[in-house]
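Residue indices begin at 1 and follow the sequence shown.
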Amino acid sequence: MAAFSYFPHTPEDIRVMLDRIGVASLDALYADVPAEYVHDGNFELPEPKSEQEIREFFAALASKNLPLKIFAGAGACDHYSPSVAQYLCSRSEFSTAYTPYQAEISQGTLRYIFEFQSLICSLSGMDVANASMYDGPTAAAEAMFMALASTKKKTRFLLSETLLPNVREVVATYAHYHGVELGYIAHCGGQTSLDALKAELEKDDVAGVLLPSVNRFGIVEDFSGFAEAIHGQKALAVAYCDPSALAVVRTPGEWDFDIAVGDGQTLGIPLCFGGPYVGFMACRKDYVRKMPGRIVGQTLDHDGRRCFVLTLQAREQHIRREKATSNICSNQSLMALYVTIYLSLMGPEGMKEVNRLSSAGAHYLHDRLLESGLFEEVFDKPFLKEFVLRSKVPAARLQQVLLDAGFFAALETEEGLVSFCVTEKHGKEEIDALVNSLKEAEL
C-alpha cells in the first residue's frame, strides 16, 4: 500500500471488504485473470520531460499515422466539422453542470439541451425528443424497450435485414439479456420487403418494427404502406435515421412513424476512430412517458425572464431500477452540444447544400466506377451519398490498392458487395484520383 498512498482504503478497509465477499486476498480476487495478463514488475516509464519535449514526443507518435482520404460510410461518414464548434463547446456557460438537476447553476447546459431537442424534433418530424442517448445502436435498443412497454401482450420485436450490422447486433445483445424475442424482415432488391413484414405481423405478437430510413446499401427506403400495416396490428413503427439525410428525405413524422432514433455522428462529429458519438431519440407525444432519459423545457423565472428546467425524467431508473423501462440515466451531453452548434451554424439551407454536394459526388463516383469496367450495378434504387457495387476483383485486393493510394474505401458487406460513401469534403479531383488509382493498378 505504501506505493499507492493516494488510495483511500486502508489495509483494514480492504480486509473488511474481502471478508464480506468471502475472498482471502486481493490476489485471490483476481484469480480468474490469466497469469499472462497480470503485470509483474515495474512499468517502463520514461524520465520526466519538459512541455516542449512532450509535444515533440507525441508529435513523433502521431506522425506514424497514415492520413487517408475516407470514402467509407457504414454509419460513420467523414462530413465537414466546423472548427468553431470545438471552441464553442469549451465555453464555460455551456459547461456549468454535468447533470443539470440544479436549474439555478445549470442554465447553459439546460439551454443547449433544449435547443438540441428542438432541432432533433425539427429534423425528425416528431413531437418530442430526449437528451440524449449514448449512440445510435443503443438508442435503437432503447426504442425496442419503449415499443414493448407501450404495447400490451406483445412479445416480439422485428428488425429489417437492411439495418447496419452493428445496429442489429447491439439490439440483439440487449434483447438476449432481457428475454425479448427478435424477428427479421427480409429485403427484396435492396429494400425492406413489405410483403415479408406483413407475413410477420400476421402472427399478432409484434410490439414494434425497426426500419432504416437510409439503409446499409445506401438506398433511401420507400415506406409506403408500412405504417398502415404496422399500426393495423397495434405495433409501433421505429425509424433508424441518418439525421443529416433527414434534411432532404422524408422524415419519420411524414411516414407516420412513432419513434425515430439514430446516431448524430453525421452532424459534424469527427470520426475519431469510432467515438465519442451521440444517439438521439424522438417520438410522438403519446409515448413521451415511456421515453428514457430526460426532457428539458422552457419556462419563466420569478422575474419573468426566459429560463430552462428539467421537465420530465424517468425517476424509476434512479430510485426504482427494477421497475425502469431503461437504464439510461446519463447522456452524451457534450456531443449533443456539438451537434447543436453544428446545426445552428449550418441552418436549413446549409444542410441541404451538404446533401446536394454529397449526392452529386456519390453519383459521379458511382458512374466513374462502373465505367472502369471493374464493377457491376447491384440495385437500381435511389441513393444519397452511399452506394454498393459488385466488384469483379476480390474485396481485399481492392482495399489494398486503395490503401496504397491513400484511400480508405470499398468496405465489404455481408453479401460480398463493396460500398463507397462520398461527402461534401470530397471534390471531383479526389474522386478522379480514387478511380485512376484502380485503373493504374491494372486489376
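- Here the closest heavy-atom approach between residue Leu194 and residue Ser224 is recorded as CD2-O, 3.8 Å.
- Within a 6.0 Å radius of CD in Gln298, more than 12 heavy atoms belonging to other residues, nucleotides or ligands are found.
- Tyr287 contributes no side-chain N or O that, together with a main-chain N or O of Leu236, makes up a donor-acceptor pair within less than 3.5 Å.
- One finds a salt bridge joining Arg284 and Asp256 here, because a Lys/Arg side-chain nitrogen approaches an Asp/Glu carboxylate oxygen to under 4.0 Å.
- A donor-acceptor pair shorter than 3.5 Å can be found between the side chains of Tyr364 and Asp432.
- The two residues Val388 and Ser419 come nearest to each other via the heavy atoms CG1-CB, 3.7 Å.
- Although no hydrogens or angles enter the test, the distance criterion places no donor-acceptor pair under 3.5 Å between the side chain of Gln233 and the main chain of Glu202.
- With a 4.5 Å cut-off on side-chain heavy atoms, Asn130 and Arg294 do not count as touching.
- Rounding to the nearest 0.5 Å gives a distance of 8.0 Å between CG of Leu158 and CD1 of Ile230.
- Between the side chains of Thr138 and Tyr174, no donor-acceptor pair of N or O atoms lies under 3.5 Å.
- Residues Phe383 and His366 bring their aromatic ring centres within 6.0 Å.
- Ala103 approaches Leu110 most closely through the heavy-atom pair CA-CD1, 3.7 Å.
- In this structure, the side chains of Val238 and Val209 stay at 4.5 Å or more apart for every pair of heavy atoms.
- Asp204 meets the side chain to side chain donor-acceptor pair (under 3.5 Å) test with Lys154; sequence neighbours excluded.
- Phe375 and Ser372 make their closest contact through CD1-OG, 3.8 Å (heavy atoms, listed as atom of the first residue, atom of the second, distance).
- Other residues, nucleotides and ligands contribute only 12 or fewer heavy atoms inside 6.0 Å of the NZ atom of Lys69.
- Sequence neighbours left out, the pairs with a member in residues 114-128 that pass salt bridge (charged side-chain N to carboxylate O under 4.0 Å, His left out) are Arg111-Glu115, Glu115-Arg306.
- Leu300 has its side chain out of reach of Cys307: every pair of non-hydrogen atoms, C-beta onward, lies at least 4.5 Å apart.
- In this structure, the side chain of Ser344 engages the main chain of Thr340 through a donor-acceptor pair within 3.5 Å.
- The structure places NZ of Lys198 at 9.5 Å from OG of Ser193, a figure rounded to the nearest 0.5 Å.
- Side-chain contact between Leu123 and Thr251: absent, with no pair of heavy atoms (C-beta onward) separated by less than 4.5 Å.
- With hydrogens and angles ignored, the 3.5 Å screen pairs a side-chain donor or acceptor of Gln117 with a backbone N or O of Val296.
- In this structure, His363 has its ring center no closer than 6.0 Å to that of Phe387.
- Between Pro276 and Ile269, the closest heavy-atom pair is O-CG2, 3.6 Å.
- Residue pairs meeting the side chain to side chain donor-acceptor pair (under 3.5 Å) criterion with at least one partner in residues 71-81, sequence neighbours excluded, are Asp78-Lys425, His79-Lys385, His79-Glu424, Ser81-Tyr338.
- In this view, Thr192 and Ser160, Thr162, Glu221 satisfy the side chain to side chain donor-acceptor pair (under 3.5 Å) rule, not counting sequence neighbours.
- Side-chain contact between Ser333 and Thr109 is present, with at least one heavy-atom pair separated by less than 4.5 Å.
- Between Pro137 and Tyr240, some side-chain heavy-atom pair lies under the 4.5 Å cut-off.
- With contacts defined as side-chain heavy-atom distances shorter than 4.5 Å, the pair Glu56/Gln52 qualifies.
- Between Arg55 and Glu51 there is a salt bridge, since a side-chain N of the basic residue sits under 4.0 Å from a carboxylate O of the acidic one.
- Residues satisfying the salt bridge (Lys or Arg N to Asp or Glu O under 4.0 Å) test with Lys392, not counting sequence neighbours, are none.
- Applying the ring-ring contact (aromatic ring centres under 6.0 Å, His included) rule to Phe43 yields the partners His39; only residues at least two apart in sequence or on another chain are considered.
- Cation-pi geometry between Lys49 and Phe57 is met: the NZ or CZ atom falls under 6.0 Å from the ring centre, inside 45° of the normal.
- With sequence neighbours excluded, the residues that form a salt bridge (Lys or Arg N to Asp or Glu O under 4.0 Å) with Arg156 are Glu200, Asp205.
- Taking SG from Cys241 and CG from Asp263, the interatomic distance works out to 11.5 Å, rounded to the nearest 0.5 Å.
- The heavy-atom pair separating Ala336 from Val278 by the smallest distance is N-CG2, 4.1 Å.
- Salt-bridge annotation for Glu142 and Lys290: absent, with no side-chain N of the basic residue lying under 4.0 Å from a carboxylate O of the acidic one.
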For this session: Kindly determine whether Lys439 and Glu371 satisfy salt bridge (charged side-chain N to carboxylate O under 4.0 Å, His left out), including the steps that lead there.
Result: CA-CA 11 Å; Lys439 289 181 176 180; Glu371 290 169 3; over 6 Å; no
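- In terms of the ring-ring contact (aromatic ring centres under 6.0 Å, His included) criterion, residue partners of Phe407 (sequence neighbours excluded) are, by chain and number, Phe71.
- In this structure, the side chain of His426 does not engage the main chain of Val422 through any donor-acceptor pair within 3.5 Å.
- The distance from the CH2 atom of Trp255 to the CG atom of Leu211 is 11.0 Å, given to the nearest 0.5 Å.
- For the atom pair Gln399 CD and Asp404 CG, the distance stands at 12.0 Å (nearest 0.5 Å).
- Remark: Met146 CE to Arg289 CZ distance equals 12.5 Å, nearest 0.5 Å.
- In this structure, the ring-ring contact (aromatic ring centres under 6.0 Å, His included) partners of His178, at least two apart in sequence or on a different chain, are Phe145.
- Among residues two or more places apart in sequence or in another chain, the side chain to side chain donor-acceptor pair (under 3.5 Å) test is passed with Tyr87 by Arg91.
- Asn215 places no side-chain N or O within 3.5 Å of a backbone atom of Gln191 that could act as its donor or acceptor partner.
- Crowding of Glu429 atom CD: a count of heavy atoms from other residues, nucleotides or ligands under 6.0 Å not exceeding 12.
- Here Glu53 pairs with Ser50 under the side chain to side chain donor-acceptor pair (under 3.5 Å) rule; sequence neighbours left out.
- In the model, Ser244 has no side-chain atom that pairs as donor or acceptor with a side-chain atom of Asp242 under 3.5 Å.
- Residues Val435 and Leu365 are in side-chain contact: their nearest non-hydrogen atoms beyond the backbone lie under 4.5 Å apart.
- The list of side chain to side chain donor-acceptor pair (under 3.5 Å) pairs with a residue in residues 179-189, not counting sequence neighbours, is empty.
- Other residues, nucleotides and ligands contribute at most 12 non-hydrogen atoms within 6.0 Å of the CD atom of Glu47.
- Using modelled atom types, no side-chain atom of Ser359 and backbone atom of Asn355 make a donor-acceptor pair closer than 3.5 Å.
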Exercise. Could you walk me through whether Phe116 and Phe280 pass the ring-ring contact (aromatic ring centres under 6.0 Å, His included) check?
Worked result: CA-CA 9 Å; Phe116 172 82; Phe280 69 87; 7.8 Å; no
